[in-house]
Amino acid sequence: MFILKEYISNLIYESLNKKIPLDTIQRTTSDSKLINYDYASSIFISNKNLDFQDFKSRMTKNKGIACVEQVNDFVNICLDRVFFLNEFNIGIKKEKKKVMVEFSSPNTNKPLHIGHVRNTLLGNALSNLLSKKYEVVRANLINDRGIHICKSMLAYMKFSKFKSPEEAKTKSDLFVGDCYVLFNNAEKENPKIIEEAEALLLKWEAKDPDTLVLWTKMNDWALKGMKKIYNEFGIDFDVWFFESEIYDKGKDIIFDAYNKGKVELDTELGYTVKFGDKPEDYKVVLRKNGTCIYITQDIYLAKLKIEKYKLDKSIYVVGSEQNDYFDKLIKVLEHIGIPEIADKMEHYSYGMISLPSGKLKSREGNVVDAYTLIDAIRQEALEILKEKQSNKSSEDLKGEAKQIADAAIKYFILKYDAKKDFVFDIKTSLSFDGNSGPYILYSYARICSLLKKMQETKFKPLKSIEKLETKEELNLGRIMLKYPDRLSEAIEKESVHFLVNYITDLANHFNTTYANIKLITKDKEIANRFLFYTKMKSIFNDVFAIMGIKPLERM
RNA sequence: GGCCCCAUAGCCUAGUUGGAUAAGGCGCCAGCCUUCUAAGCUGGAGAUCCAGGGUUCGAGUCCCUGUAGGGUCACCA
């Protein structure tokens, strides 16, 4: 697969007789201004003494270079798009590197909410994206122990009107979440109830049989619901870590570092790493009584991941509210003498989702849980389908509505730059027209339908594309050729939204062409177009696969 | 208060190592279905790119200051 940026930069470099360094040859962006060209370079602005005519004559000798012109101080290059389209195929050169992406990582005391949905879809798409180039291990860390779990358990025993989700006629993870809300309401009345939850945690840690039975039961309820959502979104994990199995590990690492003098035992704070003299440079890593805190486990897990799975990189998809925490975690690892672990860790931070009413607060039940989101959007999709395909029963349309809703959610979540916060308003956020999941799905269905209609004409097939028939399709070809560049940039920058924007742009131009040009005409033209739009379809398929969207052949 | 993130049309966003006329969508206005799928397409109005300074041939993009918003400052996870 040609990455044009590299390919052309190299040609320019060669054609200038290597008078300037390769890395100063830059592509200029502003793609919308390059409709007639494929590539622009500003080298002649910063290197006025270069001989353009000489450059041009060398450059045009290369295969696939159609023209080289000087416009407004830029060197614009147009390619023989047909030549490159025939060379074009999906797939990027693999690199022998192993990357773990940990994402989703839910607590088992409450159901997944919109914030987890962002995490999960983002982590999944990032994994898909990186697996184009690297070997990727998908990991999920289940936060299945701790005081918050005990709160739900206690409330279940004391306040729940129902014995089970079945009895309450509610989804099992929502049921657990309801218990959590019950606890927090009770705590407002009686703050001392927290002591009972703490007592329950001690019983859990002492492996009290009755407590363990209840804990197992409620965790199963929570996990069952979460797995259902993973399943619906088409998300799999290769590795599951359970906090309950590792929460008290990591002490040895701390004690070892303590013996080496890297960790201090502060009589006030406990076992502490001190990067500097000020209190903000301290990080407690173990309680003074020797019991573990969260970071103790994280230190252990960081090491475990990298050593057991022989990783070159360990990515954590975790919200931006934990930026400082991850900075500290990495610093601690460096400081206690395992920088080789720290070096491989990366916090993939993403922004918060808030509701029009304000911040998400799951303890008050002020959340959009994943089911509410999914159900609402499916219902909406079904209504639209019923209107458009009134000849079918609503049972028949349900499957299609599901897929459209799925695409709408995924597009909506993935189109944003991951690091940005956004406000989520279920009524207005998930659009079915314009820049949306349904829009790219619809464009794809049109391409499929077009190809099918073309086949029905029984045209004489060609081995390769011979020409692009219209100005519009020449432009489409230009956009298609950018795909490898976009893909490699997206991998490089770990930015899924590059591709979401790209595919929207491609869909946009395709629809323009479709509306303005009659595409099924003479045999010879159909033969060219069939190959051309088949390639376009493969780009859609590739991006859909990364986004985790299942395409529809018709809608 | 310290540290971190962010600021682009009425609204939501893109703007990929600084480059040509700041791009798309929503909403608004005017059009396009007897012809390959109208969840579509065409045209129009709408932007002192938060403010001020700096670096540069050139700044939405880099640097400084300020302002607004968000995050975070636990022996919570």
Using a 90° cut-off around 0 for syn, call rC33(B) syn or anti.
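Syn, which is what one calls it when the glycosidic angle falls within 90° of 0.
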From [atom1] of [X] over to [atom2] of [N], roughly how many Å is that when rounded to an integer?
X         : N       : atom1 : atom2 : answer
Arg486(A) : rU17(B) : CZ    : P     : 10 Å
Leu414(A) : rG25(B) : CG    : P     : 20 Å
Tyr271(A) : rA74(B) : OH    : P     : 22 Å
Asp281(A) : rC3(B)  : CG    : C1'   : 11 Å
Ile246(A) : rA77(B) : CD1   : P     : 13 Å

Just to verify, what does [X] make a side chain to side chain contact (heavy atoms under 4.5 Å, CB included) with, not counting sequence neighbours?
X         : result
Lys274(A) : Glu264(A), Asp266(A), Thr272(A), Tyr282(A)
Phe255(A) : Lys251(A), Tyr271(A), Leu286(A)
Phe326(A) : Tyr316(A), Val318(A), Gln322(A), Leu329(A), His347(A)
Ala507(A) : Tyr439(A), Ile440(A), Ser443(A), Phe540(A)

Tell me what [X] touches on the nucleic acid: a base, only sugar-phosphate, or nothing, going by heavy atoms under 4.0 Å.
X         : result
Glu268(A) : base
Met454(A) : nothing
Glu280(A) : nothing
Asn289(A) : nothing
Leu385(A) : base
Leu441(A) : nothing
Val423(A) : nothing
Gln322(A) : base
Gln389(A) : nothing
Ile517(A) : base
Asp327(A) : nothing
Tyr325(A) : base

Applying salt bridge (Lys or Arg N to Asp or Glu O under 4.0 Å) as the test, list every pair that has at least one member in residues 319-335 of chain A; sequence neighbours left out.
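Matches after skipping sequence neighbours: none remain.
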Using the salt bridge (Lys or Arg N to Asp or Glu O under 4.0 Å) rule, collect all pairs that involve residues 408-426 of chain A, keeping only residues at least two apart or in two chains.
Asp406(A)-Lys410(A), Asp417(A)-Lys419(A)
Looking at Lys452(A) and Glu456(A), does any basic side-chain N land under 4.0 Å from a carboxylate oxygen?
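Salt bridge: no.
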Stacking of Phe74(A) on rA20(B) base (centres under 5.5 Å, planes under 30°)
yes
Please name all residues satisfying disulfide (SG to SG under 2.5 Å) with Cys292(A), sequence neighbours left out, ordered by chain then number.
none
Tell me, please, which residues at least two apart from Arg145(A) pass salt bridge (charged side-chain N to carboxylate O under 4.0 Å, His left out).
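Partners of Arg145(A) by the salt bridge (charged side-chain N to carboxylate O under 4.0 Å, His left out) criterion, ordered by chain and then number, come out as Glu205(A), Glu243(A).
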Suppose we screen for salt bridge (charged side-chain N to carboxylate O under 4.0 Å, His left out). Which residues come up paired with Asp542(A), at least two apart in sequence or across chains?
Lys132(A)
Any idea which of [options] is nearest the [X] side chain?
X         : options                   : result
Lys493(A) : rG19(B), rU16(B), rA38(B) : rU16(B)
Phe422(A) : rU13(B), rU72(B), rC41(B) : rU13(B)
Arg446(A) : rG15(B), rG40(B), rC36(B) : rG40(B)
Ala515(A) : rG15(B), rC41(B), rG71(B) : rC41(B)
Tyr416(A) : rG71(B), rU13(B), rC57(B) : rU13(B)
Phe498(A) : rC41(B), rA38(B), rU16(B) : rU16(B)

Do the ring centers of [X] and [Y] come within less than 6.0 Å of each other?
X         : Y         : value
Tyr514(A) : Phe510(A) : yes
Phe422(A) : Phe412(A) : yes
Trp215(A) : Phe242(A) : no
Phe275(A) : His335(A) : yes

Protein-nucleic acid N or O pairs under 3.5 Å, nucleotides 5-11 of chain B:
unit_1: rA7(B); atom_1: OP1; unit_2: Lys420(A); atom_2: NZ; d: 3.2

Check the phosphate of [N] against [X], side-chain N and O only, distance under 4.0 Å to OP1 or OP2. Yes or no?
X         : N       : value
Lys415(A) : rU13(B) : no
His509(A) : rG24(B) : no
Lys453(A) : rU37(B) : yes
Tyr514(A) : rC41(B) : no
Tyr502(A) : rG24(B) : no
Arg287(A) : rC76(B) : yes
Tyr294(A) : rA77(B) : no

With both distances under 3.5 angstrom, what nucleotide forms a Watson-Crick or G-U wobble pair with [N]?
N       : value
rA22(B) : none
rC3(B)  : rG71(B)
rC41(B) : rG31(B)

Kindly state which residues belonging to residues 521-536 of chain A come within less than 4.0 angstrom of RNA chain B, counting heavy atoms of the residue only, listed by number.
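The stretch gives none, as no residue of it lies under 4.0 Å from the strand.
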Distance criterion of 3.5 Å, no angle test: do you see the side chain of Arg554(A) paired donor-to-acceptor with the base of rU37(B)?
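Between rU37(B) and Arg554(A), which were checked side chain against base, a qualifying N/O pair under 3.5 Å is absent.
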Output one line per pair: protein atom, nucleotide atom from nucleotides 26-29 of chain B, and distance, for all N/O pairs under 3.5 Å.
none

In this structure, are over 12 heavy atoms from other groups packed under 6.0 Å from Glu198(A) atom CD?
yes
